[in-house]
Amino acid sequence: MKRSILVSGGAGFIGSNFVQLLLRQRADWQVVNLDQLTYAGNLENLSAIEKDPRYAFVQGDICAQADVARAFAACRAPVAVVHFAAESHVDRSIQSGLPFVRTNVLGTQVLLDESRARKVERFVHVSTDEVYGSLGASGKFTEDTPLAPNSPYSASKAASDLLVRAAFHTHGFPGLITRCSNNYGPYQFPEKLIPLMIANASDDQPLPVYGDGMNVRDWLYVEDHCEALLAVLERGQPGEVYNIGGNNEYPNLAIVRLILATLKKPETLIRYVKDRPGHDRRYAIDAGKIHRELGWEPRFRFEQALPRTIQWYQANSLWLQRVRSGAYRDYYARQYGRS
Ligand code: NAD
Ligand code: TYD
């Protein structure tokens with residue numbers, strides 16, 4: 001079936017993996033990528049497919065109605081939206097919450113309004129398990145766990161989830177919400193735990209571990225997340241929430257040690273630093289609903305996918321270097337002759 005998928009935030013980590021997966025797996029779909037290219041947006045992530053006639057890039061801000069309208073105008077067939085664009089880093093949200101409220105809350109409402117006006121087929125809102133808050137030593141988040149976000153980032157994502165929910169209940173808008181655990185894999189900006197530790201260890205730089213290093217996250221390989229999103233896009237029920245997780249809990253310190261061991265670097269590189277304020281202790285996801293209803297489960301095992309991720313960063317050291325130096329931002333000007 002011919003379809004246009006409007007992807008917001010497709011130049012970021014998960015969005016760029018998703019755009020590539022769609023073009024690989026759905027031959028007759030067109031993908032329009034609306035991205036503002038903030039510090040986290042990197043068109044180099046998409047250099048392999050940028051000349052594909054089924055792909056179009058629109059630089060724009062989801063908070064600006066005119067930019068969203070331009071992206072819709074580039075779509076050629078019935079449209080579905082997959083909404084990734086967000087400010088996504090907890091530490092940045094602790095420094096300043098405003099950009100998070102602007103993009104994650106206001107931007108989501110603009111995208112919802114423009115999508116509703118055009119009667120899109122579906123709108124998949126890509127959210128996070130962090131909206132549920134923090135767990136103790138046992139238990140898992142289900143889709144019925146009450147929302148209790150603890151950081152400005154997770155609070156802004158919870159607000160955007162509620163706007164999607166309200167659009168469904170008020171207007172019958174075909175919104176679906178996914179809540180995924182921590183992702184890892186190629187093209188992740190090296191401010192998040194795994195790529196930061198790989199980058200620092202490779203350069204023999206200290207590895208900053210917050211607090212006692214015993215905070216637990218449930219890690220999912222990005223390709224598994226993208227396949228789950230495709231399943232929700234094609235077969236999910238509008239109005240429903242789907243948790244997505246890897247059933248793969250690790251304390252941060254264990255991840256850091258694994259990275260050091262894989263890179264054959266000494267544990268003396270570990271530096272315990274001041275804890276993150278309000279640091280959530282543990283996240284764990286019950287992903288039973290998406291497994292039962294849509295048949296999705298992760299394909300990648302951590303034991304293989306973490307070394308594979310480390311190898312990707314080693315093989316793409318130039319990408320990493322350019323991201324870390326800020327030079328990746330010149331790509332747009334070089335590629336498109338604009339700035
Ligand atoms: P990212 O920070 O790597 O990418 C975000 C992208 O959004 C960038 O390309 C950026 O340029 C774009 N963007 C930001 N503000 C914009 C705006 N106003 N208009 C248009 N584009 C804008 O993020 P990511 O890690 O790929 O996460 C994508 C989505 O998945 C987010 O909504 C995030 O909350 C969610 N999520 C992430 C994880 C994770 O582990 N990374 C886990 C669960 C959910
Ligand atoms: P992060 O990758 O920022 O994801 P999130 O906060 O959304 O879960 O952090 C993952 C875990 O790693 C979290 O418990 C904080 C910790 N962490 C460190 O210990 N040191 C660091 O330098 C970073 C960036 C994170």
Any salt bridge linking E293 with R235? Criterion: basic side-chain nitrogen under 4.0 Å from a carboxylate oxygen.
no
Cationic N near anionic O, under 4.0 Å, E249 to R217
no
Establish, yes or no, whether the cationic atom of R116 lies under 6.0 Å from the six-membered ring centre of F173 and within 45° of the ring axis.
no
Under 4.0 Å between a side-chain nitrogen and a carboxylate oxygen: does that hold for R281 and D212?
yes
Closest heavy-atom pair, A159 versus V105, reported as atoms and distance to 0.1 Å, is CB-CG2, 3.9 Å
Find the distance between CG (N215) and CG (D275) and round it off to the nearest 0.5 Å.
6.0 Å
Does this structure show an ion pair linking R324 with D203, if we count only N-O contacts that are shorter than 4.0 Å?
yes
How long is the straight-line distance from CG of L106 back to OG of S156, given to the nearest 0.5 Å?
12.0 Å
Looking at F84 versus F18, is the centre-to-centre ring distance below 6.0 Å?
yes
Test of ring centre spacing under 6.0 Å for F302 and Y221
no
Check for a donor-acceptor pair, side chain of Q59 on one end and backbone N or O of L34 on the other, with a separation under 3.5 Å.
no
Kindly assign one of parallel, tilted or perpendicular to the pair F141 and Y283, based on the angle between their ring planes and the thresholds 30° and 60°.
tilted
Return the minimal non-hydrogen interatomic distance between L46 and G10, and the atom names on each side.
CD1-O, 3.4 Å
Specify the closest pair of heavy atoms between A71 and V32, including all atoms of both residues, with the distance to one decimal.
O-CG1, 3.7 Å
K157/E87 salt bridge by N-O under 4.0 Å criterion
no
Before accepting this row, confirm whether a basic side-chain N of the pair R122/E234 lies closer than 4.0 Å to the acidic partner's carboxylate O.
no
Would one find more than 12 heavy atoms of other residues, nucleotides or ligands at under 6.0 Å from atom NE2 of H291?
no
Salt bridge check: are D224 and R301 linked by an N-O gap of less than 4.0 Å?
no
Closest non-hydrogen atom pair between P190 and L196, with its separation
O-CD1, 3.3 Å
N247 atom CG: more than 12 heavy-atom contacts under 6.0 Å:
no
What is the ring orientation for Y184 with W219, classed by angle as parallel under 30°, tilted 30 to 60°, or perpendicular over 60°?
perpendicular
Sequence neighbours left out, what pairs pass side-chain hydrogen bond (donor to acceptor under 3.5 Å, both in side chains) with at least one residue falling in residues 186-196?
Y39-E191, S88-K192, R92-E191
Sorted by chain and number, sequence neighbours left out, salt bridge (Lys or Arg N to Asp or Glu O under 4.0 Å) with R308 holds for none
Can you tell whether the side chains of R179 and E143 come within less than 4.0 Å, N to carboxylate O?
no
Verify same cluster id: L176, V82 (apolar side-chain graph, 4.5 Å):
yes
